[in-house]
Peer 1: 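Dumping the structure here so I can ask a few things about it.
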Amino acid sequence: MDRYAVIGNPIAHSKSPLIHRLFAEQTGQALSYEALLAPLDDFAGTLRGFLVAGRGVNVTVPFKEQAWALADAHTAAAERAGAVNTIAVQGDGTLLGDNTDGRGLARDLRFNSGVQLRGSRILLLGAGGASRGVIQPLLAARPDQLCIVNRTVEKAEQLAMMFNDLGPVSAAGLHWVEESVDLIINATSASLGGEVPAISPKLIRRGHTVCYDMMYASEPTPFNRWAAAHGAARCIDGLGMLVEQAAEAFELWRGVRPDTAPVLAALRQS
Ligand code: ATR
């Protein structure tokens with residue numbers, strides 16, 4: 001049976017083993033998928049150890065940049081993202097690094113949530129690794145504008161410069177933008193600390209603006225609570241993105257595309 005795993009630290013609460021088990025059942029693929037805790041100072045050892053027999057891994061916080069460095073080759077998405085969340089062992093034993101986070105986000109927005117990205121005005125909050133991983137697929141959806149807004153504006157400016165050959169991307173500080181947008185995506189880690197980035201509520205047009213937090217939790221995230229209180233048309237969390245990025249990884253490994261809707265419904269119920 002082909003073996004796969006997700007490697008992270010922490011990892012105990014990862015939903016990836018359940019998601020991939022449901023994908024495997026649904027598509028009739030014989031595979032196993034486990035969660036592996038890597039020591040903070042030895043991701044490489046954990047990866048190598050698993051890949052003696054394993055066929056591929058998912059990589060999560062805080063190892064995605066290290067995974068990028070350890071991959072022998074990168075997909076275009078991973079190259080741009082500077083981070084790898086999926087590794088596939090190729091026929092000759094070399095490691096292909098992909099980044100499926102951004103495609104997962106774009107698919108979740110489009111297909112699960114029915115959000116039109118083409119021609120839209122998007123504000124992307126945050127300029128860390130999570131943000132960098134989704135810029136290319138967002139620009140590929142042809143928005144009217146993508147503004148990266150960050151507390152440390154220089155980091156947003158750097159990212160905008162790295163991607164400005166791909167579409168209309170700009171940068172701003174948290175307080176600089178006040179005109180409403182169609183979609184706000186929170187890619188900061190502020191929710192982890194129970195905080196909301198200090199942006200203007202005027203960014204939300206009541207009953208129109210969609211707000212998306214890449215984080216998810218059993219309760220609405222602080223950002224989504226803030227967005228709802230200011231009249232956002234919809235507040236979406238990152239559970240759909242998690243399932244969609246997993247489906248992209250599954251397809252890379254197995255050549256079969258699972259149906260994500262029943263898996264997302266099962267996760268929401270549990
Ligand atoms: P990740 O890989 O999850 O993106 P990161 O690289 O540490 O993590 O980036 C965290 C992002 O969240 C950054 O954009 C950070 O803003 P700064 O660059 O100014 O540090 C943002 N962030 C974290 N806490 C925040 C808060 N309370 N308010 C606003 N932005 C916050």
Side-chain angles (χ1 to χ4, degrees), residues 6-11 13-16 38 40 43 58-71 77-86 97-106 108 122-139 146-163 169-178 181 183-204 211-217 220-227 229-230 237-239 241-242 245:
V6 58
I7 306 178
N9 187 333
I11 201 65
H13 297 293
S14 172
K15 294 186 192 304
S16 292
L40 287 173
F43 168 71
N58 285 131
V59 180
T60 186
V61 178
F63 300 126
K64 293 182 189 180
E65 281 84 9
Q66 285 185 55
W68 189 92
L70 290 166
E79 196 62 51
R80 281 279 179 173
V84 155
N85 79 335
T86 304
D98 192 5
N99 191 316
T100 65
D101 285 332
R103 299 203 296 283
L105 171 68
D108 186 39
I122 306 174
L123 192 134
L124 179 63
L125 268 177
S131 185
R132 183 172 167 188
V134 301
I135 297 171
Q136 186 232 352
L138 286 174
L139 287 173
L146 175 66
C147 183
I148 306 168
V149 165
N150 198 44
R151 189 171 57 183
T152 314
V153 67
E154 292 79 10
K155 282 165 68 180
E157 283 166 349
Q158 243 173 3
L159 277 190
M161 251 162 36
M162 283 169 63
F163 287 91
V169 58
S170 59
L174 285 185
H175 306 287
W176 299 10
V177 197
E178 295 220 308
V181 294
L183 171 65
I184 304 176
I185 300 169
N186 181 24
T188 72
S189 51
S191 287
L192 286 177
E195 290 175 19
V196 179
I199 52 170
S200 167
K202 290 184 193 156
L203 287 165
I204 295 177
C211 289
Y212 191 105
D213 197 336
M214 281 167 52
M215 301 260 166
Y216 63 86
T221 64
F223 173 74
N224 278 351
R225 283 203 304 272
W226 173 88
H230 289 97
D237 70 17
L239 192 64
M241 174 179 173
L242 180 77
Q245 64 76 30

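Side-chain atoms are counted along with the backbone in the values below, which use heavy atoms only and exclude waters and symmetry mates. This one's a predicted model, so the numbers in the text were calculated from it and none came from an experiment. Both ligands and their constituent atoms are indexed starting at 1 by order of listing.
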Peer 1: Under the 3.5 angstrom rule, does the side chain of Asn99 hit a backbone N or O of Asp101 as a donor-acceptor pair?
Peer 2: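 Yes; judged by distance alone, with no hydrogens or angles, the pair exists.
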Peer 1: For a 4.5 angstrom cut-off between non-hydrogen side-chain atoms, does Asn150 reach Leu159?
Peer 2: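 No, their side chains stay 4.5 Å or more apart.
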Peer 1: Determine yes or no for a side-chain-to-main-chain donor-acceptor pair under 3.5 angstrom, with Ser131 supplying the side chain and Gly126 the backbone.
Peer 2: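 Pair found, side chain donor or acceptor close to backbone of Gly126.
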Peer 1: Compute whether any side-chain donor of one residue and acceptor of the other, for Ser16 and Asn58, lie under 3.5 angstrom apart.
Peer 2: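 Side chains of Ser16 and Asn58: no pair found under 3.5 Å.
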Peer 1: Checking side-chain hydrogen bond (donor to acceptor under 3.5 Å, both in side chains) between Tyr212 and each of Asp108, Asn186, Asp237, which is the one that passes?
Peer 2: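 It is Asp108; the other options fail the test.
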Peer 1: I'd like the atom pairs linking ligand 1 to the protein - N or O on both sides, separation under 3.5 Å - with distances to 0.1 Å.
Peer 2:
residue	atom	partner	partner atom	Å
ligand 1	2 (O)	Gly129	N	3.3
ligand 1	4 (O)	Gly129	N	3.1
ligand 1	4 (O)	Ala130	N	3.0
ligand 1	6 (O)	Gly129	N	3.4
ligand 1	12 (O)	Ser189	N	3.1
ligand 1	14 (O)	Ala127	N	2.9
ligand 1	14 (O)	Asn150	OD1	2.7
ligand 1	16 (O)	Asn150	OD1	3.3
ligand 1	18 (O)	Asn150	ND2	2.8
ligand 1	18 (O)	Lys155	NZ	2.7
ligand 1	19 (O)	Arg151	NE	3.1
ligand 1	19 (O)	Thr152	N	3.0
ligand 1	19 (O)	Thr152	OG1	2.5
ligand 1	20 (O)	Arg151	NH2	2.9
ligand 1	27 (N)	Glu195	OE1	2.5

Peer 1: Quick check: does any side chain N or O of Trp68 sit under 3.5 Å from a backbone N or O of Gly97, one acting as donor and the other as acceptor?
Peer 2: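 Not at all, since once roles are kept as given, no pair shorter than 3.5 Å links the two residues.
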